[in-house]
Amino acid sequence: MIPNYTPTNFIRNIIEEDLKSNKNGGRVHTRFPPEPNGYLHIGHAKSICLNFGLAAEYGGLCNLRFDDTNPSKEDVEYVESIRADVRWLGFDWQDREYYASDYFDRLYEYAVQLIKADKAYVCDLSADEIREYRGTLTEPGKDSPYRTRSVEENLDLFERMKAGEFPDGARTLRAKIDMASPNLNMRDPVMYRILPASHHRTGDKWCIYPTYDFAHGQSDSIEGITHSICTLEFEDHRPLYDWFLDELNIFHPQQIEFARLNLTYTVLSKRRLLALVEEGHVGGWDDPRMPTLAGIRRRGYTPEAIRNFCERIGVAKRNSTVDIAMLEHCLREDLNKRAPRFMAVLRPLRVVIDNYPENRVEELEAVNNPEDPGMGTRKIPFSRVLYIDREDFREDPPKEFFRLAPGSEVRLRYAYIIKCADVVKDAKTGEVSEIRCTYDPDTRSGSAKSSRKVKATIHWVSAVHSIEAEVRPYDHLFLKPDPDDVEEGADWRSNLNPHSLETLKSCRLEPNLAGATPGMRCQFERLGYFCVDPDTSEGKLVFNRTVTLRDPWAKIEKGQKKG
RNA sequence: UGGGCGGUCGCCAAGCGGUAAGGCCCCGGACUUUGGAUCCGGUAUCGAAGGUUCGAAUCCUUCCCGCCCAGCCA
């Protein structure tokens with residue numbers, strides 16, 4: 001159940017009006033059109049949810065179409081990851097998996113059609129010359145000297161471009177529109193370029209490839225897309241797409257632009273994500289710190305949380321940056337209801353209960369998920385020697401610190417109330433190495449006399465029964481909400497968080513976690529949500545921290561430190 | 001200085017002439033064997049200035065600010 005947080009958005013309004021006026025015979029057909037030149041990220045998820053979501057909502061269809069018009073940058077590795085990611089998010093394009101390259105023959109025919117109508121011409125200008133002739137934002141461009149070639153000559157040259165008679169970049173096919181247009185996209189844009197590259201689908205069949213601008217609108221048209229939803233930067237291109245569609249006189253989809261997603265504490269551009277991977281700032285596209293769907297998935301995010309997030313952030317035309325806290329909130333909300341709870345100690349501190357019998361072991365009952373009684377209970381062993389988290393003990397407790405400190409009492413979750421009697425320190429380092437406590441036998445959880453209250457409850461694990469694990473408590477990839485907020489001369493890389501990856505090797509988990517397999521998600525009580533990483537192997541458990549729990553104490557302490 | 005698009009609470013975002021939804025964050029408080037969860041309560045006059053109107057965030061005018069466009073990338 002996804003609550004309807006945003007009752008509407010401007011795209012839904014448009015579609016509803018179109019439906020009312022029976023614009024496309026009541027049909028709603030969208031598409032998600034990625035270029036297979038990188039991994040999908042959370043920003044793409046917004047587009048995927050929008051396109052597939054709208055189609056589902058209005059009883060329509062959504063295609064998956066790869067915009068593969070530039071073989072020099074594309075690769076099958078990417079098409080496979082994209083397929084997997086869309087599927088993982090929970091969407092199904094059935095048999096409608098298309099490729100712009102499926103339409104290369106048709107696009108070629110369209111180009112010939114425009115040449116015949118004297119609306120396109122073969123231009124011999126070099127890339128540099130084209131730029132010079134284009135003019136500037138404030139000055140009109142100049143006509144190419146090749147603009148007036150005859151239809152016959154254009155037909156012949158275009159044919160020969162296709163036949164591979166000319167070297168890379170020697171000529172282009174251009175639309176004959178208006179070199180003085182205030183919209184630079186209308187200044188005789190390139191439709192075809194010579195690119196002697198082997199294509200991941202069409203192999204060496206072609207040595208000329210259509211530009212995105214010449215392929216996209218027509219691809220939508222061919223597929224009968226009614227609502228062609230894209231991001232803001234293509235607004236200026238719409239007049240061009242309209243021009244092609246009108247000159248070709250083919251089905252005219254309606255393009256609607258929305259603002260792409262930006263998130264605090266991360267970067268979301270393909271260029272930068274590629275740089276993070278290639279420069280080794282992260283372990284790969286699926287590094288759990290990456291905002292890629294592959295990374296987020298490995299981190300432990302659920303598709304439900306992401307879909308819900310995409311619904312809540314809404315869709316509009318205003319450039320905006322969503323607080324990552326919103327994403328984290330959606331995740332916690334989902335996991336709170338579903339994740340089984342366990343106890344885990346990340347930074348172990350030995351605790352000995354002096355008045356607890358040496359060899360005694362009790363099996364204590366614990367609730368698997370207080371939000372869902374149906375998830376049942378489990379047994380946890382309790383004994384004389386335990387581990388608690390170092391965070392939960394302070395020799396010199398600050399104000400408001402309710403946990404363990406010399407002379408103070410806390411409840412051990414599902415067990416007894418204990419009192420700290422003594423602190424043992426390492427002779428050399430002076431570091432606290434062990435805590436000696438006493439327990440109150442009358443306070444066992446669930447027992448009749450257990451109603452005594454203490455300020456805090458902490459988690460623990462029985463030393464001899466616990467199992468070891470490695471835990472990676474990830475933090476944001478960047479130090480600042482806006483990675484571009486840098487000193488003069490520095491770039492976004494200078495804001496990378498050096499502590500985004502931490503590895504804790506000697507964590508202790510309750511024994512019920514033995515045998516956990518990669519992908520398993522759970523909550524470590526009081527700490528956060530975690531999931532088993534694929535790095536896990538026989539005898540070596542590895543957990544990723546997906547997100548922490550909300551932590552008021554951390555805020556209080558931070559406030560105290562500031563003064 | 002050309003063209004396109006935007007500017008409603010700290011962050012997202014509804015609203016389309018009838019007197020500012022919701023979510024996140026934040027701050028109180030209740031409850032609590034997770035300082036979790038849950039539950040209550042609190043926080044904007046709509047970029048600015050004029051104008052039209054009984055009435056404007058919504059219409060008009062002018063101005064200010066931000067983003068995008070000069071790839072044979074998408």
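Chain naming here is simple, since letters A, B, ... match the order of the sequence lines and numbering starts at 1 in each. Quick note: numbers below take in every heavy atom, side chains included, and nothing from hydrogens, waters or symmetry partners.
- A:Glu371 comes within 4.0 angstrom of a base, heavy atoms only.
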When you check every protein heavy atom under 4.0 Å of nucleotides 64-74 of chain B, what one-letter string (B, S, -) results, 5' to 3'?
---SBBBSBSB
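- Atom P of B:G6 sits at a distance of 38 Å from the matching atom of B:C40, rounded to the whole Å.
- B:C25 atom C1' lies 13 Å from atom NZ of A:Lys558, rounded to whole Å.
- Exactly one of A:Arg174, A:Arg134, A:Arg147 qualifies for a side-chain hydrogen bond (donor to acceptor under 3.5 Å, both in side chains) with A:Asp188. That residue is A:Arg147.
- Base pairing annotation: B:A48 forms a Watson-Crick or G-U wobble pair with B:U62, both donor-acceptor distances under 3.5 Å.
- Counting atom types as modelled, A:Glu257 pairs no side-chain N or O with a base atom of B:G6 as donor and acceptor under 3.5 Å.
- Residue contacts shown for A:Pro481 are absent, as no nucleic acid heavy atom lies under 4.0 Å away.
- Between A:Arg318 and the phosphate of B:A13, there is a side-chain N or O to OP1/OP2 separation shorter than 4.0 Å.
- With salt bridges taken as basic N to acidic carboxylate O contacts below 4.0 Å, none links A:Glu223 and A:Arg31.
- Sorted by first and then second residue, the side-chain hydrogen bond (donor to acceptor under 3.5 Å, both in side chains) pairs involving residues 253-264 of chain A (not counting sequence neighbours) are A:Lys23-A:Gln254, A:Glu233-A:Arg260, A:Arg238-A:Glu257, A:Gln255-A:Glu257.
- Base pairing of B:G35: no nucleotide in any strand meets the Watson-Crick or G-U wobble criterion (both distances under 3.5 Å).
- For B:A48 and B:G7, the C1' atoms lie 11 Å apart once the distance is rounded to whole Å.
- Among the nucleotides B:C25, B:A13, B:G35, the one closest to any side-chain atom of A:Ser320 is B:A13.
- Applying the Watson-Crick and G-U wobble criteria (two distances, each under 3.5 Å), B:A57 pairs with nothing in any strand.
- Scanning atom types as modelled, no donor and acceptor separated by under 3.5 angstrom connect the side chain of A:Arg332 and the base of B:G36.
- Nucleotides B:C9 and B:G22, compared at atom C1', are 12 Å apart to the nearest Å.
- B:G42 and B:U52 have their C1' atoms separated by 38 Å, given to the nearest Å.
- Taking the side-chain hydrogen bond (donor to acceptor under 3.5 Å, both in side chains) definition, one finds that A:Ser101 meets it with A:Asp68, sequence neighbours left out.
- Within 6.0 Å of CD in A:Glu391 there are 12 or fewer heavy atoms belonging to other residues, nucleotides or ligands.
- Across all strands shown, B:C73 has no partner, as no Watson-Crick or G-U wobble contact with both distances under 3.5 Å is found.
- Rounded to a whole angstrom, the distance from the C1' atom of B:C24 to that of B:U43 is 14 Å.
- For residues 313-342 of chain A, no residue pair satisfies the ring pair (Phe, Tyr, Trp, His ring centres under 6.0 Å) rule, not counting sequence neighbours.
- Comparing B:C26 with B:G66, their C1' atoms sit 26 Å apart, to the nearest whole Å.
- A straight line from CZ of A:Arg403 to C1' of B:U34 spans 11 Å, rounded to a whole angstrom.
- Rounded to whole Å, atom P of B:C12 lies 16 Å from atom CZ of A:Arg260.
- Proximity note for A:Arg550 (side chain, C-beta onward) versus B:C5, B:A37, B:C24: the nearest is B:A37.
- Position along RNA chain B of the nearest nucleotide to A:Thr138 versus A:Ala316 favours A:Thr138 as the more 5'-ward residue.
- Taking A:Arg508 as the reference, A:Ser466 meet the side-chain hydrogen bond (donor to acceptor under 3.5 Å, both in side chains) condition, with sequence neighbours excluded.
- Between B:G35 and A:Arg526, a contact under 4.0 Å exists linking OP1 or OP2 to a side-chain N or O.
- In this structure, the side chain of A:Arg521 engages the main chain of A:Gly300 through a donor-acceptor pair within 3.5 Å.
- What separates NZ of A:Lys555 from C1' of B:G36 is a distance of 12 Å, to the nearest Å.
- Within the shown strands, nothing qualifies as a pairing partner of B:C9 under the Watson-Crick or G-U definition with both distances less than 3.5 Å.
- Around NZ of A:Lys270, the count of heavy atoms belonging to other residues, nucleotides or ligands within 6.0 Å exceeds 12.
- Annotation: B:C12 and B:G50 have their C1' atoms spaced 32 Å apart (nearest Å).
- Across B:U58 and B:G15, the matching C1' atoms stand 8 Å from one another, rounded to whole Å.
- In this structure, A:Asp482 places its CG atom 12 Å from P of B:C12, rounding to the nearest Å.
- Counting distance only, with no hydrogens placed and no angle test, the side-chain atoms of A:Gln523 and the base atoms of B:U34 include a donor-acceptor pair under 3.5 Å.
- When the side-chain nitrogen and oxygen atoms of A:His459 are compared with OP1 and OP2 of B:U34, none of them lie within a distance under 4.0 Å.
- Here B:G71 is in the syn range [glycosidic angle within 90° of 0].
- Atom CE in A:Met179 sits about 15 Å away from atom C1' in B:G2, given to the nearest Å.
- Nucleotide B:G36 holds its P atom 13 Å from the CZ atom of A:Arg341, rounded to whole Å.
- Residue A:Arg413 places at least one side-chain N or O under 4.0 Å from the OP1 or OP2 atom of B:U34.
- Within the nucleic acid shown, A:Glu139 has no heavy atom closer than 4.0 Å to any nucleic acid atom.
- Partners of A:Tyr146 under the side-chain hydrogen bond (donor to acceptor under 3.5 Å, both in side chains) rule, at least two apart in sequence or in another chain, do not exist in this structure.
- Atom P of nucleotide B:A14 and atom CZ of A:Phe258 are separated by 13 Å, given to the nearest angstrom.
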